[in-house]
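Read the structure below first, then the notes.
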2 protein chains.
Amino acid sequence: MTVTEPSRLRSRPTMDDVAAVAGVSRGTVSRVLNGGHNVSRQALAAVERAISKTGYVVNQHARSLVTQRSGSVAFILSEPQDRLFEDPNFNNLLRGCTQVLAGHDITLLLTVAATGEDRQRIGRWVTAGHVDGALLVSNHQGSPLIAELKERGLPFVVCGRPLGQERDVTYVASDDRDGARQMTEYLRSTGRRRIAIITGPLDTPGGVDRLAGYRDIAGHGDPELIATGDYTRASGEAAMARLLTQAPDLDAVFVCSDLMAAGAITTLQRAGRRVPEDVAVGGFDDNNIATTTKPMLTTIRQPWARQSAEMVRLLLAHIDGAEHSAVILPTDLVVRDSA
Amino acid sequence: MTVTEPSRLRSRPTMDDVAAVAGVSRGTVSRVLNGGHNVSRQALAAVERAISKTGYVVNQHARSLVTQRSGSVAFILSEPQDRLFEDPNFNNLLRGCTQVLAGHDITLLLTVAATGEDRQRIGRWVTAGHVDGALLVSNHQGSPLIAELKERGLPFVVCGRPLGQERDVTYVASDDRDGARQMTEYLRSTGRRRIAIITGPLDTPGGVDRLAGYRDIAGHGDPELIATGDYTRASGEAAMARLLTQAPDLDAVFVCSDLMAAGAITTLQRAGRRVPEDVAVGGFDDNNIATTTKPMLTTIRQPWARQSAEMVRLLLAHIDGAEHSAVILPTDLVVRDSA
DNA sequence: CTGAAAGCGCTTACAG
DNA sequence: CTGAAAGCGCTTACAG
């Protein structure tokens, strides 16, 4: 075994190397790197030549140490990893955020905090200066991550209304309650009278707000018309099965996510109920699952692209010292075949 | 607008603050942070108290600047983002790598390089010292990312045989060719005589090596028995449709990924062919799709957990200065219902 | 427009 | 076991 150092240590050129090759001072090299202001044409050309000759790449740690900025932002999903892959909503958000951030030359780092231990490690990591801010998708009431980020003073924005912390957390949400109202009202308008609901987890905004919207229209009676899922497809199947037992005479069901709705349709069809003839099914999200079910889903559209764009905008503002704020985006009814 | 600084700048305590509170020198605080060797019980206790009192968290940039280590590793997927979510293989690998790395207290950063522009930004980012090394999943021949990482001297390991660069790139692969042989041989052994194949892209190791294994058994004749997909479900559907036109008398098809196999089954059933009675279908991967198709897939098992573990092990060794190496893992036939 | 110098927050030999 | 000091590679007022 030869006594070589790891190659990256051996060879990496520094700013002084570039300066030497270009025949200028380190300060001038730095100015070129940071926009080229106050640099003569000649110096600029010399430095650029020297950079490509030496293969110089800035040392981000050194730069960040002085600027106090890292140039990256974290996308933190605190859910079991499988959900990231099962639920297209995360994909939609991730795509949107990455794009918008790329325009600012900021890298998005995706991190999955599945276990409590993960959350701790990530809390430390995020807080050690690796990122300038964080995007929190998936938000459960009482999440320790929010508390930690707040305590550390790291800028972050959460996706969806942060239950009980609306006043001091920046967030962007779509209008869950109004969307739920629209759907329930629509189901009524088509003549349905026994409208059930499959809600999301009741410690999430999508869980409580969509249920509230449903109740605004359908009232509070009949607890047997209510079942709760956890946003997975399997939970949609199971909740639908329970509803069928509790209220066999239901003629419509509002399912609070498209993925769960796909599961509910499977259960209904397996039980011999026709959709929408026997039971109308309404979803929520309007992601790409909505057009792959048979029949295609009538659902509530969340404005995914705007949601991502607003999250990024607020985060960058927050990083620059802006105060807390919130954005609520409107939702729309999209009528297809399932209701 | 008030003239406040961003909150994180305002409040973050430094090592000197901790030292002052604990009544020791900065060096002692550092020793406590780095394992607590050569520190008296009393100093240790005082420092620990001071740390929790001040809420101190190490500044990773400062630390990295001197240690030349960042404590994170990148998981780079250079594919359109949708593939990350559609194909369970990535999920399997990601889960495995995250777990193993967490054991080393290293954070895994997931990055998706969908476009050429993305690849450039990520190349720069990765190379600026943000990570100590990279895990490259999805590997296409002639990928510019491999070239860039090599030039920069950043340690990395690729998943799958790096076509044409086996000698100077560290990689871990499963034995694609042998797996393909096993499957083809098995199909023969059940009496099938017109065995078609749906390959992966021919610029990937899974594309060429599995085709080679198939040919080892089935020979080179009949080009109409060969169709190529791109590992997506849709491409499996389309390729199967082509095969059905080109060779309507086929009685078996070896599909080089489970996801494509799921697509192929859909096409076959839609065309009125029974699986496996009329056409036997063999997959490759043995991921969780294999048990959700109807009938469930007979397939080749890739050892996902070992694959992740080996990738991480090699990467860490490489970071510590080890030479290039390669690991080839065995694959096994798993017989279920589709063949 | 340009250079010299201070300083960002750490780690790590080196003395003691 | 402990402290003082050098140095990691940058940026940014400050003079000129």
Using Watson-Crick pairs (N1 to N3, plus N6-O4 or O6-N4) and G-U wobble pairs, both distances under 3.5 Å, which stems of at least 3 pairs involve DNA chain C? C:1-3 with D:14-16, C:5-12 with D:5-12, C:14-16 with D:1-3
What parts of residues 35-46 of chain B reach DNA chain C, counting only heavy atoms under 4.0 Å away? none
Determine whether the side chains of His324(B) and Asp168(B) contain a donor N or O and an acceptor N or O closer than 3.5 Å. no
Distance col, row Leu316(B):CG vs Met311(B):CE, nearest 0.5 angstrom, shows 11.5 Å
Is there a side-chain contact between Leu94(B) and Phe85(A) (heavy atoms, below 4.5 Å)? yes
Qualifying side-chain hydrogen bond (donor to acceptor under 3.5 Å, both in side chains) pairs, either residue in residues 34-51 of chain A, two or more places apart: Ser30(A)-Asn34(A)
Salt-bridge present (Asp17(A), Lys53(A); N to O < 4.0 Å): no
Check whether any side-chain heavy atom of Asn91(A) sits under 4.5 Å from a side-chain heavy atom of Leu84(B), and report yes or no. no
Side chain to side chain contact (heavy atoms under 4.5 Å, CB included) for Asn59(A) and Thr14(A)? Distances and angles first, verdict last. CA-CA 8 Å; Asn59(A) 179 321; Thr14(A) 142; over 6 Å; no
Using ring-ring contact (aromatic ring centres under 6.0 Å, His included) as the criterion, list what pairs up with Phe90(B), not counting sequence neighbours. none
Is there any side-chain hydrogen bond (donor to acceptor under 3.5 Å, both in side chains) pair reaching into residues 306-317 of chain B, and which pairs are they, with sequence neighbours excluded? Glu310(B)-Arg313(B)
Filtered N/O pairs between nucleotides 7-11 of chain C and protein, under 3.5 Å:
residue : atom : partner  : partner atom : Å
dG9(C)  : N2   : Ala62(B) : O            : 3.3
dC10(C) : OP1  : Tyr56(B) : OH           : 2.7
dC10(C) : OP2  : Thr14(B) : OG1          : 3.3
dC10(C) : OP2  : Met15(B) : N            : 2.9
dC10(C) : O5'  : Tyr56(B) : OH           : 3.0
dC10(C) : N4   : Arg26(B) : NH1          : 2.3
dT11(C) : OP1  : Asn34(B) : ND2          : 3.2
dT11(C) : OP1  : Arg63(B) : NE           : 2.8
dT11(C) : OP1  : Arg63(B) : NH2          : 3.1
dT11(C) : OP2  : Ser30(B) : OG           : 2.6
dT11(C) : O4   : Arg26(B) : NH1          : 3.2

Tell me whether the rings of His61(B) and His61(A) are parallel (<30°), tilted (30 to 60°) or perpendicular (>60°). tilted
